[in-house]
Amino acid sequence: MNTTNMPQPKVVVIGAGSLFFGRQSIWQMVHSPYLNQGTLALVDTDEERLAKMVKLAEMVARENNVSLKIEGSTDRRQVLSGADFVVLSFAEQSVKYRGIDCEVSLKYGIRMCSGDTIGPGGIFRAMRELPIIMESAKDIEELCPDAWVINYINPSTVHGIALHRYAPKLKSFALCDSHHMPHKKAYYAVRAGIIGDRNEFTEEIDRKFDFRIAGVNHFTWLLKAEFEGKDVMPTIAEAMRKSAGEENNGGDQGAKALHNDAITYELYDIFGYIPTCTAHTKEYVRYWQGHGKSPDRIPPLSIWETEDRYQRHDEMWNQVDGFLSGDIPIADYMSTFGPDHATDIIENMVGNLGKRFFVNTLNNGAVTNMNDDSFLELLCDVSMEGAKPVYVGEMPRGIRGMQELVLDTHELTAEAVVEQSFEKLRRAMLTDPLVSSIGDADKIIKELLELEREMIPGVWYSDGLIKM
């Protein structure tokens with residue numbers, strides 16, 4: 001069964017204590033016969049959280065009788081040697097600082113429901129995270145230059161662009177879990193009425209369903225949906241319209257979850273195509289910022305809920321503690337979690353399984369009317385040779401214009417942070433689609449630099465004063 005070219009792969013997870021990816025990586029590394037004879041190296045700067053994750057991984061591996069080797073360190077340099085894959089998944093005090101980003105932006109009339117990829121929140125998250133990513137890249141170039149570097153940190157496009165442009169010797173791509181295959185395609189097959197349940201999705205249905213998604217990360221669109229030659233896009237949209245009247249009756253009431261089906265249908269009604277990551281896309285457009293003079297059917301965006309997010313993280317750590325203490329049987333771990341987008345891709349690459357996944361990478365002709373170097377989220381053939389985008393076709397006019405504006409914002413942000421250029425930081429803020437005032441932009445930059453001094457490199461400050 002094990003035909004892998006790399007029988008003992010080493011996967012390093014930098015940011016194992018973030019919980020976004022750490023718990024899932026343990027599941028897949030234990031579950032997969034292509035990975036569970038290798039090494040999982042967990043890195044986190046918080047010693048207590050790191051110790052918990054290392055112990056948890058050891059317990060799960062032992063319970064499932066696999067020889068997976070577990071390593072842990074607060075210093076990434078100690079475990080990078082010999083790595084085949086390095087997954088970047090850290091976000092220090094992300095809840096706190098995303099809350100600050102959203103609060104300050106709201107003061108100037110900018111509403112962000114997530115605040116981690118577009119708007120002032122996306123720019124300043126890159127200000128906090130990208131310097132550490134580039135420091136990590138230098139260590140990887142020195143200690144494991146042949147490793148695949150997988151960025152799993154928002155803003156994914158900004159960080160992916162920076163790695164390609166400023167660490168060109170490294171093999172890298174960026175990921176977002178919103179288009180995990182084949183689950184995403186099965187979701188739309190259900191909405192199209194092709195199948196009644198995601199569990200009915202088969203390889204035959206996969207072959208018959210021509211399904212094309214493309215765009216900048218978190219601003220992606222379903223550009224084609226045909227089953228056996230029949231256009232099912234209107235059927236999917238109608239399913240969204242019907243469910244819009246019932247959504248948010250119970251379930252997740254977080255800002256990212258509210259009115260998503262209604263907004264999806266509204267954008268389809270305008271542009272003729274379906275946004276595929278509406279929880280974020282609704283933040284990329286200006287329609288729900290509350291600036292209009294006429295009443296809208298859909299209310300302005302709700303704001304990122306900092307305290308609720310703290311509670312969610314506490315619940316995740318309580319679950320980890322439950323497994324460690326035995327209050328939750330460790331035997332239940334493998335039925336509690338499941339495969340993750342990043343480790344699915346790693347398994348596919350190691351095992352040469354020939355599956356396709358959505359990856360953020362260079363366009364290289366997949367979207368025919370956008371530049372080859374546009375950094376887009378595209379379905380790709382992924383192997384140890386890299387990610388090769390599958391043909392998409394044209395990006396529709398209107399949507400394409402917004403894509404280019406978002407890409408310019410992301411590219412300017414990457415340049416500003418890596419080059420430590422205040423001029424480009426200001427230019428990125430004033431290119432951003434949510435910013436509409438020069439004066440407000442300058443005040444937002446100044447206030448966020450003041451409030452986030454602890455997390456932003458000192459180069460942005462001079463003699464105790466912010467460089468303006």
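Keep in mind the model is a prediction, meaning the values are calculated, not measured.
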Whether over 12 other heavy atoms sit under 6.0 Å from Gln93 CD = yes
Are His164 and Phe375 close enough that their ring centres sit under 6.0 Å apart?
-> yes
Between Lys107 and Glu447, does at least one N-O distance fall below 4.0 Å, as a salt bridge requires?
-> yes
Give the C-alpha distance, both sets of side-chain angles, the deciding distance and a yes or no for side chain to side chain contact (heavy atoms under 4.5 Å, CB included) between Leu88 and Val86.
-> CA-CA 6 Å; Leu88 307 175; Val86 181; 4.1 Å; yes
Can a donor-acceptor pair be found between the side chains of Thr276 and Thr220 at a distance below 3.5 Å?
-> yes
Neighbour count above 12 (heavy atom, 6.0 Å) for Lys355 NZ | no
Determine the minimum heavy-atom distance between Pro433 and Leu405, stating which atoms define it.
-> CB-CD2, 3.9 Å
Any side-chain heavy-atom pair from Glu238 and Arg241 closer than 4.5 angstrom?
-> yes
Just checking, is any N or O donor in the side chain of Tyr152 or Asp340 under 3.5 Å from an acceptor N or O on the other one?
-> yes
All pairs passing salt bridge (Lys or Arg N to Asp or Glu O under 4.0 Å) where residues 271-300 contributes a residue, at least two apart | Glu266-Arg297
Is there a side chain to side chain contact (heavy atoms under 4.5 Å, CB included) between Ile213 and Glu377 once you walk through the steps?
-> CA-CA 8 Å; Ile213 289 175; Glu377 189 159 8; over 6 Å; no
Do Glu92 and Arg128 meet the salt-bridge criterion of a basic N to acidic O distance under 4.0 Å?
-> no
Does one side chain, of Thr368 or Glu394, offer a donor that lies under 3.5 Å from an acceptor on the other?
-> no
Do Ser156 and Asn154 have side-chain atoms, one donor and one acceptor, less than 3.5 Å apart?
-> no
Nearest heavy-atom approach of Leu223 to Val392 is CD1-CG1, 3.9 Å
Side chains of Val367 and Leu378 in contact at under 4.5 Å (non-hydrogen atoms) | yes
Before accepting this row, confirm whether a basic side-chain N of the pair Asp116/Arg125 lies closer than 4.0 Å to the acidic partner's carboxylate O.
-> yes
Minimum side-chain heavy-atom gap Tyr333-Ile26 below 4.5 Å | yes
Stepwise, does the side chain to side chain contact (heavy atoms under 4.5 Å, CB included) test hold for Met402 with Val216?
-> CA-CA 10 Å; Met402 293 188 290; Val216 184; over 6 Å; no
Charged N to carboxylate O under 4.0 angstrom, Glu404 versus Arg400?
-> no
Please determine if Asp210 and Arg212 form a salt bridge, counting it only when a charged side-chain N lies under 4.0 Å from a carboxylate O.
-> yes
Does the side chain of Asp261 pick up a donor-acceptor pair with the side chain of Ser243 at under 3.5 Å?
-> yes
Pairwise distance OG1(Thr409) to OH(Tyr284) - rounded to 0.5 angstrom = 9.5 Å
Does the side chain of Pro339 come within less than 4.5 Å of Glu347's, by heavy atoms?
-> no
Hey, is CD1 on Ile270 packed in by over 12 heavy atoms from elsewhere, all under 6.0 Å?
-> yes
Asp177 (side chain) donor-acceptor with His341 (main chain) under 3.5 angstrom | no
Is it the case that Thr264 and Thr278 place a side-chain donor and acceptor less than 3.5 Å from each other?
-> yes
On a heavy-atom basis, the closest approach of Met370 and Asn363 is O-ND2, 3.2 Å
So does Glu135 pair up with Lys138, basic N to acidic O under 4.0 Å?
-> no
Under 6.0 Å between the ring centres of Tyr268 and Tyr273?
-> no
Tyr310 and Glu315: side chain donor to acceptor below 3.5 Å | no
Spatial distance of atom CG (Asp373) from atom CG (Asn364) [nearest 0.5 Å] | 9.0 Å
In Å and rounded to the nearest 0.5 Å, what is the CZ to CD distance from Arg23 to Gln28?
-> 15.0 Å
Measure the shortest side-chain to side-chain distance between Met112 and Trp304 over non-hydrogen atoms and say whether it is less than 4.5 angstrom.
-> no
Option from Ile110, Asp440, Ile445 for which side chain to side chain contact (heavy atoms under 4.5 Å, CB included) with Pro120 holds | Ile110
Between Asp344 and the options His180, Gln24, His183, the side chain to side chain donor-acceptor pair (under 3.5 Å) test singles out His180
Salt bridge Glu415-Lys424, side-chain N to carboxylate O under 4.0 Å | yes
Closest non-hydrogen atoms of Tyr188 and Pro275, given as atom of the first, atom of the second and distance, are OH-O, 4.0 Å
To the nearest 0.5 Å, tell me how far Phe422 CZ sits from Trp460 CH2.
-> 8.0 Å
Just do the side chain to side chain contact (heavy atoms under 4.5 Å, CB included) check on His218 and Ile118 with the steps written out, would you?
-> CA-CA 9 Å; His218 288 168; Ile118 200 69; over 6 Å; no
Contact summary for Asp101 and Gly115, nearest pair of heavy atoms | OD2-O, 4.3 Å
For the pair Phe337 and Phe323, name the ring-plane relationship: parallel under 30°, tilted 30 to 60°, perpendicular over 60°.
-> tilted
Between Asn151 and His159, is there a donor-acceptor pair closer than 3.5 Å when you use the side chain of the first and the backbone of the second?
-> no
Check whether NZ of the Lys or CZ of the Arg Lys230 lies under 6.0 Å from the centre of the six-membered ring of Phe227 and within 45 degrees of that ring's axis.
-> no
Counting N and O atoms only, with roles assigned by atom type, does the side chain of Trp221 sit under 3.5 Å from a partner on the main chain of Ile274, one being a donor and the other an acceptor?
-> no
Examine distances only and state if a side-chain atom of Arg198 and a backbone atom of Ala186 form a donor-acceptor pair shorter than 3.5 Å.
-> no
Assign the ring pair Phe209 / Phe211 to parallel, tilted or perpendicular, where the plane angle (0 to 90°) is split at 30° and 60°.
-> tilted
Does Phe357 reach the side chain of Leu379, with side-chain heavy atoms less than 4.5 Å apart?
-> no
Keeping the roles fixed (side chain from Asn260, backbone from Lys256), state whether a donor-acceptor pair exists under 3.5 Å.
-> yes
Lys388 bridged to Asp381 by N-O distance under 4.0 Å | no
Report the relative orientation of the aromatic rings in His179 and Phe358; use parallel for angles under 30°, tilted for 30 to 60°, perpendicular for over 60°.
-> tilted
Can you check whether Phe124 reaches Leu449 side chain to side chain, under 4.5 Å on heavy atoms?
-> yes
Atom pair CG/CD1 of Leu175 and Ile150 - distance to nearest 0.5 Å | 6.0 Å
Output for pair (Phe219 CZ, His280 NE2), nearest 0.5 Å, gives 13.5 Å
Can you check whether Phe173 reaches Ile345 side chain to side chain, under 4.5 Å on heavy atoms?
-> yes
Shortest non-hydrogen separation from Leu425 to Ala416 and the atoms involved = N-CB, 3.3 Å
